[in-house]
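What follows is a short report on a single structure.
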There are 2 protein chains.
Amino acid sequence: MTFAPLQNDTFLRACLGQATDYTPLWLMRQAGRYLPEYRATRAKAGSFMGLATSVDYATEVTLQPLDRYALDAAILFSDILTVPDAMGLGLSFTPGEGPKFARTVRTEADVAALAVPDMDRLRYVFDAVTAIRRALNGRVPLIGFSGSPWTLACYMVEGGGSDDYRHVKTLMYSRPDLMHRLLAINADAVARYLETQIEAGAQAVMVFDSWGGVLADGAFQTFSLAYTRRVLAQLPREHDGQVVPRIVFTKGGGAWLEEMAGLDCDVLGVDWTVNLGQARRRVGGEAGGAGKALQGNLDPAVLLAPPEVIANEAIGVLESFGRPHTDLTRRGSTHIFNLGHGISLHTPPEHVQALVETVHQHSRRMRRVT
Amino acid sequence: MTFAPLQNDTFLRACLGQATDYTPLWLMRQAGRYLPEYRATRAKAGSFMGLATSVDYATEVTLQPLDRYALDAAILFSDILTVPDAMGLGLSFTPGEGPKFARTVRTEADVAALAVPDMDRLRYVFDAVTAIRRALNGRVPLIGFSGSPWTLACYMVEGGGSDDYRHVKTLMYSRPDLMHRLLAINADAVARYLETQIEAGAQAVMVFDSWGGVLADGAFQTFSLAYTRRVLAQLPREHDGQVVPRIVFTKGGGAWLEEMAGLDCDVLGVDWTVNLGQARRRVGGEAGGAGKALQGNLDPAVLLAPPEVIANEAIGVLESFGRPHTDLTRRGSTHIFNLGHGISLHTPPEHVQALVETVHQHSRRMRRVT
């Protein structure tokens, strides 16, 4: 496959610790329900899975936020639960209730029946990746993604969302052997899934450990971090001669940044409870070249406030990270602006405009200060 | 008022950094739905508020877990939302849906109408404190409690529980002036509430900042921590010649322990994401006497696993804290065993027995090791 040359590599450069003219920006769940054009496509598609499994619709909604805003990356429109669905668990989305699996994984027999799915069952995702990459035509890079092995396990064992993760934690505490088997299968499936996304055209990949933060200290390292590591160990470092940056985001994982810095990835995503300046000192590796870029971390609720508040808070996030390095001759400590979690569906679309402009303008100003 | 002399002061001593023979233990929400005798009383009372507002029933359920287990403290049976209810917001509990307020606080006029409530409207709470203290007859100390000003504000603005705290955060980001006014009223109300609980017989007090952890770094310090500080500044240090220890618990607040260590309190509660040994090094003040005792932090989901797993995990928490100081001549770093959050209603009651025995036995053993 050949694709058009990339016109804006700011995001990829920042992922790899290279100096950029401004701080690149994208938003978790940037293609989504807060956009009226998304809701129109969603209505045409009939259901969320109808949308996610259609190459044309997935391409359409992935590009919608880029047509509105000067974002520096696109992210595949999909759902983290495509992988367990391909394992045969029967995913559906009930409006207002979130995801549901027809079958749960709770017993020895349930785990024994699991296997890394044939990637052909996820062909619709890879076809969407290629179609989106073509449609982007080099405007910005395309990010592929997956849920982390632990986060997928949460949904597979609970059968859907949860308040207390009681079934998955009971399995983990009572039968760690089964949980390890389940997580190993998930890790190998996620690795194949991300590798195939890279082959299909994804220029960076992100692992969403959305529920790593519900684990106790100790359990996080054993049941989440270890399996994210297993995923990363199986991924190609380069594709078509280009390095493919890796981002790992653990919501509620601020306590474990030093341990996450040991992962073979380039970027750590952090939520809004984390002080970015402190995180930079902890894992940014400013002095040497071994640190991680940081991605985040505006509270998504800020986007519900008036534009002048959004501008102030965005500047606060940029200043909290501090001046990014500007030395083109070496790697250093870099920041990718994002929210600390997915954008709220209640966000007025024009508020995102205020955010994008502020981040681009102010981060250019910060680099000019000497 | 005079009460029977205290027979077990292990909890109070540990709160104040004094050496004890073993690590004292109590459980957040220890009187509650996991106990069949609680469910029986709850059925007699007809409703949750019927239970909470009856001195006899509140006394009965507070003592139920103490009759089963060798816990080292009792905690008043009540709800954190009694204070906004006394402000006139109209609290009710719909089974399966959690708390609901008839009126929310979202506008300038709503905030202007708020005031510190007459403590007579909370007389049923103070009467329960006195009745429980009498019924305890000196067995163990009685803990009084309140929600933090920020946590109460979450419920007052949202009108109930929330997934995204979007209304309270929108008010906070858009109208910080109103939010500060609301929080000041809450802080003064909470201070009066806790002070009156102390006068009625509470021997320690705890502030539950259950939702401090949903705030962004920066916002937490401004909108939660500052108002917990305002509460503590108004509380009496002693009552009837006895020091009244203060515990502050912020769920999801592990990142801010150093800042919380600046509070005028004796104990910091931590959830299960926190490494207790690291927390002890950060704020335990082992070297001097200015540190905080730590309370926590077993994952409540552990209690759903078999007793041998519970024993192992409880030992893990004790060992993570490390050997408590044993020098009777000075204050030092102490641990109060608890869960990292409230006990799950799905907990088999006999599992709590396994936990209590393990904590008492193993923590005695740890002190004998030289």
Side-chain angles (χ1 to χ4, degrees), chain A residues 98 161 163-176 212-221 252-259 270-279 296-306 308-310 312-313 316-317 320 340-342 344-347, chain B residues 98 161 163-176 212-221 252-259 270-279 296-306 308-310 312-313 316-317 320 340-342 344-347:
Chain A
D163 282 339
D164 55 8
Y165 302 90
R166 130 176 104 90
H167 296 291
V168 69
K169 285 187 169 182
T170 300
L171 185 65
M172 176 185 85
Y173 284 121
S174 308
R175 289 296 306 270
V214 306
L215 284 167
D217 181 65
F220 169 75
Q221 291 84 340
W256 303 305
L257 277 183
E258 283 82 0
E259 287 157 289
V270 293
D271 68 32
W272 59 82
T273 64
V274 170
N275 180 295
L276 266 191
Q278 284 171 12
N297 68 343
L298 188 75
D299 184 348
V302 169
L303 288 175
L304 307 177
E308 60 274 18
V309 174
I310 296 169
N312 273 337
E313 294 288 332
V317 168
S320 168
H341 201 202
S344 163
L345 71 102
H346 303 284
T347 306
Chain B
D163 282 339
D164 55 8
Y165 301 90
R166 127 176 108 89
H167 296 291
V168 69
K169 285 187 168 184
T170 300
L171 184 66
M172 176 185 85
Y173 284 121
S174 308
R175 290 295 307 271
V214 307
L215 284 167
D217 181 65
F220 168 74
Q221 291 83 342
W256 303 304
L257 277 183
E258 284 82 0
E259 287 156 289
V270 292
D271 68 32
W272 57 82
T273 65
V274 170
N275 180 296
L276 266 191
Q278 284 171 13
N297 69 343
L298 188 75
D299 183 348
V302 168
L303 288 175
L304 308 176
E308 60 274 19
V309 174
I310 296 168
N312 273 336
E313 295 288 332
V317 168
S320 167
H341 201 201
S344 161
L345 71 103
H346 303 284
T347 306

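Here is how names work: the chains are called A, B, and so on, in the same order as the sequence lines, proteins then strands, and each is numbered from 1. Note that the structure is predicted; figures quoted are calculated from it, not measured.
If you measure heavy-atom distances from B:Gln278 to chain A, you find no contacts under 4.5 Å at all. Only the side chain of A:His346 comes within contact range of chain B, judged by heavy atoms closer than 4.5 Å. Looking at B:Val274, the atoms closer than 4.5 Å to chain A (heavy atoms on both sides) all sit in the backbone: N, CA, C or O. Proximity to chain A is limited to the backbone of B:Leu215, based on heavy atoms less than 4.5 angstrom apart.
For the options A:Phe220, A:Trp256, A:Trp272, heavy-atom pairs under 4.5 Å to chain B are most numerous at A:Trp272. The candidate with the highest count of non-hydrogen atom pairs below 4.5 Å against chain B, out of A:Asp271, A:Leu171, A:Thr170, A:Asn275, is A:Asn275. By number of non-hydrogen pairs under 4.5 angstrom with chain A, the leading residue of B:Pro300, B:Ala219, B:Gly340, B:Ser174 is B:Ser174.
Of all non-hydrogen atoms in B:Ala305 and A:Tyr173, the two that sit nearest each other are CB-CB, 3.8 Å. Scanning both residues, B:Thr273 and A:Gly213, for their nearest heavy atoms gives CG2-O, 3.5 Å.
In terms of the ring pair (Phe, Tyr, Trp, His ring centres under 6.0 Å) criterion, residue partners of B:Tyr165 (sequence neighbours excluded) are, by chain and number, B:Trp211. Scanning for salt bridge (charged side-chain N to carboxylate O under 4.0 Å, His left out) contacts around A:Arg166 gives A:Asp164, with sequence neighbours left out.
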